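Heads up: the structure comes next, in structure tokens.
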Number of protein chains: 2
Amino acid sequence: MVLASTLEYALLGLLRQQAQSGYDLRKVFATTPMRHFSDSPGSIYPALQRLEKRGWVSSSEEKNDARKRRVFSPTRAGTGALIAWLEGPVSREDVIWRLDETLLRFAFLDANVKRPVTLHFVEQFERELAAYVRELEEHEKAFAPDARRSTGYLAFKSGVESYQARLEWLRRVRKQFLEVVR
Amino acid sequence: MVLASTLEYALLGLLRQQAQSGYDLRKVFATTPMRHFSDSPGSIYPALQRLEKRGWVSSSEEKNDARKRRVFSPTRAGTGALIAWLEGPVSREDVIWRLDETLLRFAFLDANVKRPVTLHFVEQFERELAAYVRELEEHEKAFAPDARRSTGYLAFKSGVESYQARLEWLRRVRKQFLEVVR
DNA sequence: GTGCACATGTAATGTGTTACATGATTAT
DNA sequence: ATAATCATGTAACACATTACATGTGCAC
């Protein structure tokens with residue numbers, strides 16, 4: 001049920017936090033840790049147009065201080081679509097092919113859903129990630145001893161360790177959440 | 001000087017290791033840690049066609065065991081393009097927007113370039129990554145204390161820790177390389 | 001008065017994804 | 001016989017990137 005691109009969901013999530021213009025959103029992508037999204041106008045303005053055509057956001061011309069800017073905010077339908085995206089299951093595929101998107105979903109969770117939903121998300125995420133890490137560790141044994149100095153093997157190790165770091169982070173997050181509930 | 005997609009370079013690098021067919025390459029993507037590349041025929045066959053049209057690979061029909069398969073291997077020009085890609089500088093942009101591609105370059109290094117080139121690559125990579133990690137750690141201070149329990153902040157932390165893990169890996173790799181040279 | 005930040009767009013291009021399509025060979 | 005694997009492709013579609021394009025307001 002992928003109905004929109006990651007960029008579109010990112011924009012929706014940001015607009016939920018604060019109604020703002022395309023230019024504002026570009027600045028978010030240019031100056032915050034959301035850097036890995038492109039801040040080029042050629043990606044953001046068309047994406048906002050698509051969202052508006054789909055009825056997920058609405059816009060109004062603002063004439064703030066002599067300068068006119070088009071400010072966007074999510075519609076009911078848009079908010080619903082965002083929440084549906086957030087609440088969807090965390091699958092093995094999300095972990096392997098869409099890890100960044102899954103982290104983005106997590107980032108938007110607490111502003112949009114109840115705490116138990118967030119906790120459930122973390123549990124699913126941890127389960128799938130742990131399974132994948134186990135699989136990678138298993139795959140490691142397939143490397144011949146003399147291949148363990150090759151850059152190919154080392155690059156693989158880098159990937160495994162990066163996933164392990166994410167997993168440790170997830171375990172910490174889950175424990176922290178459980179403490180808060182208690 | 002980006003002349004080809006990551007997928008095209010991945011295919012070139014694999015063909016340097018071993019001349020093989022599109023189907024073989026699909027299996028590599030489907031069964032090895034190079035999973036995050038799609039193994040769909042709609043991506044791989046057109047990419048191979050582009051590479052052949054560009055003169056970077058050549059193909060020959062093989063009739064191995066009653067089954068016919070088209071086996072590809074890199075041309076001189078293709079090998080040159082691959083090595084140029086591998087030897088290019090590691091920039092800040094590579095670290096922020098193309099980390100996976102940079103790791104892929106690293107993975108192919110020792111099969112294609114001399115050891116000092118690999119070491120230089122690692123040094124550049126470490127310098128840029130360390131600078132970016134410092135920047136992220138700086139950015140962390142911008143979060144208000146009461147925002148430190150938000151999923152947005154936690155997602156940010158996940159990213160930072162993942163980069164830190166990559167950096168520790170890089171330091172280890174560099175030291176290991178220096179020991180071998182000694 | 002010149003350059004920079006604000007502000008919003010369009011057009012061309014390349015490419016990845018998904019789905020569709022076909023046919024041969026091997027294993028059950 | 002029939003399902004799975006081998007093997008190669010095409011077509012429609014959406015999307016991101018890059019470059020181009022325009023105009024305003026403010027600071028120096």
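Keep in mind the model is a prediction, meaning the values are calculated, not measured. Any value given below was found using the heavy atoms of this structure, including those in side chains, with hydrogens, waters and symmetry copies removed. Naming convention: chains lettered A, B, ... in sequence-line order (proteins, then strands); numbering from 1 in each chain.
A/S38 comes within 4.0 angstrom of the backbone, heavy atoms only, and of no base. Counting any heavy atom pair closer than 4.0 Å across all strands shown, B/G42 reaches a base atom.
B/L25 pairs with exactly one of B/M34, B/Q18, B/Q20 by the side-chain contact (heavy atoms from CB on, under 4.5 Å) rule, that one being B/Q20.
For the pair A/R105 and A/Y9, the NZ or CZ position fails the cation-pi test of under 6.0 Å to the six-membered ring centre and within 45 degrees of the ring normal.
For A/K27 and B/R54, each mapped to the nucleotide of DNA chain C holding its nearest heavy atom, the one lying further toward the 5' end belongs to A/K27. If B/R70 and A/E8 are placed on DNA chain D by their nearest nucleotide, the residue sitting closer to the 5' end is B/R70.
Under 4.0 Å is where a charged nitrogen must lie from a carboxylate oxygen, and between B/E123 and B/R174 no such pair does. By the 4.0 Å N-to-carboxylate-O rule, A/R171 lies close enough to A/E126 to be salt-bridged with it.
For the pair B/L11 CG and C/dG16 C1', the interatomic distance rounds to 13 Å; values are reported in whole Å. Distance A/I44 CD1 to D/dC15 P: 15 Å, rounded to the nearest Å. For B/Y45 and D/dT10, the OH to C1' distance is 13 Å, given to the nearest whole Å. When rounded to the nearest whole Å, the span between OH of A/Y23 and C1' of C/dT8 equals 11 Å. Distance B/E61 CD to D/dT8 C1': 10 Å, rounded to the nearest Å. Atom pair A/L7:CG and C/dG16:P shows a separation of 18 Å (rounding to whole Å applied). Regarding A/L51, its CG atom lies at a distance of 10 Å from the P atom of D/dC15, rounded to whole Å. In this structure, B/H36 atom NE2 and C/dT17 atom P are separated by 11 Å, rounded to whole Å.
Residues B/S162 and A/S162 have side chains that bring a donor and an acceptor to within less than 3.5 angstrom of each other.
Residue A/P41 has its side chain nearest to C/dG9 when only C/dA7, D/dC15, C/dG9 are considered.
Between A/R26 and C/dA7 there is no side-chain polar atom (N or O) within less than 4.0 angstrom of OP1 or OP2. A sub-4.0 Å separation between OP1 or OP2 of C/dT8 and a side-chain N or O of A/S21 is present. Proximity of A/R69 to the phosphate of C/dA5: no side-chain N or O atom is located under 4.0 Å from OP1 or OP2. For A/S40 and D/dA19, the shortest distance from a side-chain N or O to OP1 or OP2 is not below 4.0 Å. Phosphate proximity of C/dT8 to A/Q49: absent, as no side-chain N or O sits under 4.0 Å from OP1 or OP2.
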